[in-house]
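Shown next, in structure tokens, is the structure this report addresses.
Since we're looking at a predicted model, the values are computed, not measured. We use all heavy atoms of the structure for the numbers below, so side chains are in, but hydrogens, waters and symmetry mates are not.
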Amino acid sequence: MLEEISPRRADRRRKFIKAAERLFLERGFSGASVNEIVRIAGGSLATLYAEFGTKEALFEAVLSRRAAAIFEEGLHQPAHIADVEAELRILGERMQARILSADGLAIYRLAVSEAPRFPELRKTVVESGLRGFLKHLAGYFAELGSTARIQIDNPAQAAEHFLTLIQGQQLFVACCGAAASISGAKRRAHVRSAVETFLKVYPLNERPLTGRQDT
């Protein structure tokens with residue numbers, strides 16, 4: 001049975017996570033002080049450790065919140081999607097905006113630069129950051145595939161393919177400090193091309209299949 005979190009505790013967690021994300025982005029993982037996080041968020045150090053256990057677990061909570069946010073608003077439920085290709089472009093543009101945002105790039109740089117030096121942080125980044133997001137995305141594709149509107153037999157693999165296509169070379173360019181060179185038109189063209197390529201591997205069905213059975 002899942003533990004029920006009180007509104008007060010949920011608000012406390014939210015404040016800790018918000019303050020932690022701010023400091024991680026500003027100072028990196030090693031430079032962010034848990035005492036400073038508590039000062040900004042309120043509460044006590046004992047409360048923070050009782051809630052999260054470790055600094056790495058707090059960073060994991062930041063990554064998990066960011067991963068979930070992409071799917072919380074603006075996307076239709078798979079069963080109610082009228083135009084799958086258009087919806088995939090919306091999802092791709094939302095992912096792209098998050099990946100290429102200033103804080104998205106900062107989190108990525110932080111993971112690349114600091115995770116190799118901190119084994120527990122590395123585990124958190126790989127399992128909760130990357131795999132955590134891919135789990136959300138795979139769940140979305142599993143639901144989409146169940147509508148028989150698109151042929152997705154391996155949602156986890158489809159999630160990896162979609163993320164790779166959306167990132168493309170733009171992530172590398174942006175991480176090198178040239179994000180401003182990627183215009184809105186270039187971003188939209190990239191997502192459109194990525195979705196078209198994705199649909200060559202996971203094609204749309206012209207019409208929903210009837211009597212489909214799980215194999």
Side-chain angles (χ1 to χ4, degrees), residues 1-78 91 94-143 155-156 159-160 162-163 166-167 171 174-175:
M1 185 175 180
L2 294 176
E3 180 184 2
E4 201 170 316
I5 299 178
S6 69
R8 181 179 178 183
R9 182 181 171 191
D11 183 61
R12 184 171 63 226
R13 282 181 60 89
R14 181 187 62 77
K15 289 178 179 177
F16 278 139
I17 292 170
K18 184 178 179 180
E21 180 173 13
R22 170 183 157 185
L23 288 182
F24 285 141
L25 289 172
E26 290 178 357
R27 305 178 187 179
F29 179 77
S30 58
S33 161
V34 289
N35 288 305
E36 183 71 1
I37 291 170
V38 169
R39 188 191 69 77
I40 294 171
S44 68
L45 192 60
T47 301
L48 184 146
Y49 278 119
E51 193 65 49
F52 298 99
T54 65
K55 187 177 176 181
E56 287 82 2
L58 183 55
F59 190 77
E60 176 181 352
V62 170
L63 294 179
S64 296
R65 187 198 65 78
R66 292 175 64 85
I70 292 178
F71 300 91
E72 287 174 352
E73 297 179 0
L75 292 173
H76 293 96
Q77 291 296 320
L91 173 60
R94 174 175 289 193
M95 287 170 55
Q96 180 193 60
R98 178 58 63 91
I99 290 167
L100 299 183
S101 67
D103 61 342
L105 292 172
I107 287 285
Y108 183 82
R109 292 188 185 108
L110 185 158
V112 170
S113 65
E114 297 205 46
R117 297 189 293 121
F118 299 94
E120 288 303 313
L121 176 62
R122 179 170 63 246
K123 181 179 178 182
T124 292
V125 168
V126 172
E127 295 186 1
S128 297
L130 178 60
R131 292 180 191 169
F133 174 75
L134 288 173
K135 183 178 179 180
H136 280 283
L137 189 56
Y140 180 81
F141 282 138
E143 289 187 45
E160 290 189 18
F162 194 76
L163 175 61
I166 294 300
Q167 288 180 336
L171 176 59
C175 278

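- Around atom CZ of Phe118, more than 12 heavy atoms belonging to other residues, nucleotides or ligands sit under 6.0 Å away.
- For Lys18 (side chain) and Ala41 (main-chain N/O), no donor-acceptor pair under 3.5 Å exists by modelled atom type.
- Contact between Ala138 and Pro155 at its shortest, heavy atoms only, is O-CB, 3.3 Å.
- The CD atom of Glu51 sits 5.5 Å away from atom CZ of Arg12, with the distance rounded to the nearest 0.5 Å.
- The CZ atom of Phe162 sits 12.0 Å away from the CG atom of Leu134 when rounded to the nearest 0.5 Å.
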Open item on the list: Quick one, Thr47 with Val38, criterion side-chain contact (heavy atoms from CB on, under 4.5 Å). Give me CA distance, side-chain angles, the key distance, then yes/no.
Closed with: CA-CA 9 Å; Thr47 301; Val38 169; over 6 Å; no
**OP:** Apply side-chain contact (heavy atoms from CB on, under 4.5 Å) to the pair Leu171 and Ile166, showing each step before the final yes or no.
**Re:** CA-CA 9 Å; Leu171 176 59; Ile166 294 300; over 6 Å; no
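- Ion pair Asp11/Arg8 not flagged as a salt bridge, since none of the NZ, NE, NH1 or NH2 atoms sits closer than 4.0 Å to an Asp/Glu carboxylate oxygen.
- Of all the heavy atoms in Val112 and Pro116, the pair that sits closest is O-CD, 3.3 Å.
- Side-chain contact between Leu23 and Ser33: absent, with no pair of heavy atoms (C-beta onward) separated by less than 4.5 Å.
- Using a 4.5 Å heavy-atom threshold, the side chains of Val34 and Phe16 count as separate.
- With hydrogens and angles disregarded, a donor-acceptor distance shorter than 3.5 Å links the side chain of Lys55 to the backbone of Ala32.
- Side-chain contact between Glu21 and Arg66: present, with at least one pair of heavy atoms (C-beta onward) separated by less than 4.5 Å.
- Across all non-hydrogen atoms, the minimal contact from Leu137 to Leu91 is CD1-CD2, 3.8 Å.
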Exercise. Going through the checks in order, is the side-chain contact (heavy atoms from CB on, under 4.5 Å) test met by Arg27 and Glu36?
Worked result: CA-CA 11 Å; Arg27 305 178 187 179; Glu36 183 71 1; 3.8 Å; yes
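- Taken to the nearest 0.5 Å, the OG atom of Ser30 stands 5.0 Å off from the CZ atom of Arg117.
- Note that CD of Glu26 is 12.5 Å distant from CG of Leu110, once rounded to the nearest 0.5 Å.
- For the pair Leu58 and Ile37, the tightest heavy-atom approach, listed with the atom from each and the gap, is CD2-CD1, 3.8 Å.
- Here Phe52 contributes atom CZ and Glu60 contributes atom CD; the two are 10.5 Å apart, rounded to the nearest 0.5 Å.
- Phe59 CZ to Ile107 CD1: the interatomic distance, rounded to the nearest 0.5 Å, is 4.5 Å.
- The backbone N or O of Arg98 sits less than 3.5 Å from a side-chain atom of Ser101, completing a donor-acceptor pair.
- Taking a cutoff of 4.0 Å between a charged side-chain nitrogen and a carboxylate oxygen, Arg109 and Glu114 do not qualify as a salt bridge.
- Remark: Arg22 CZ is loosely packed, at most 12 non-hydrogen atoms of other residues, nucleotides or ligands lying under 6.0 Å away.
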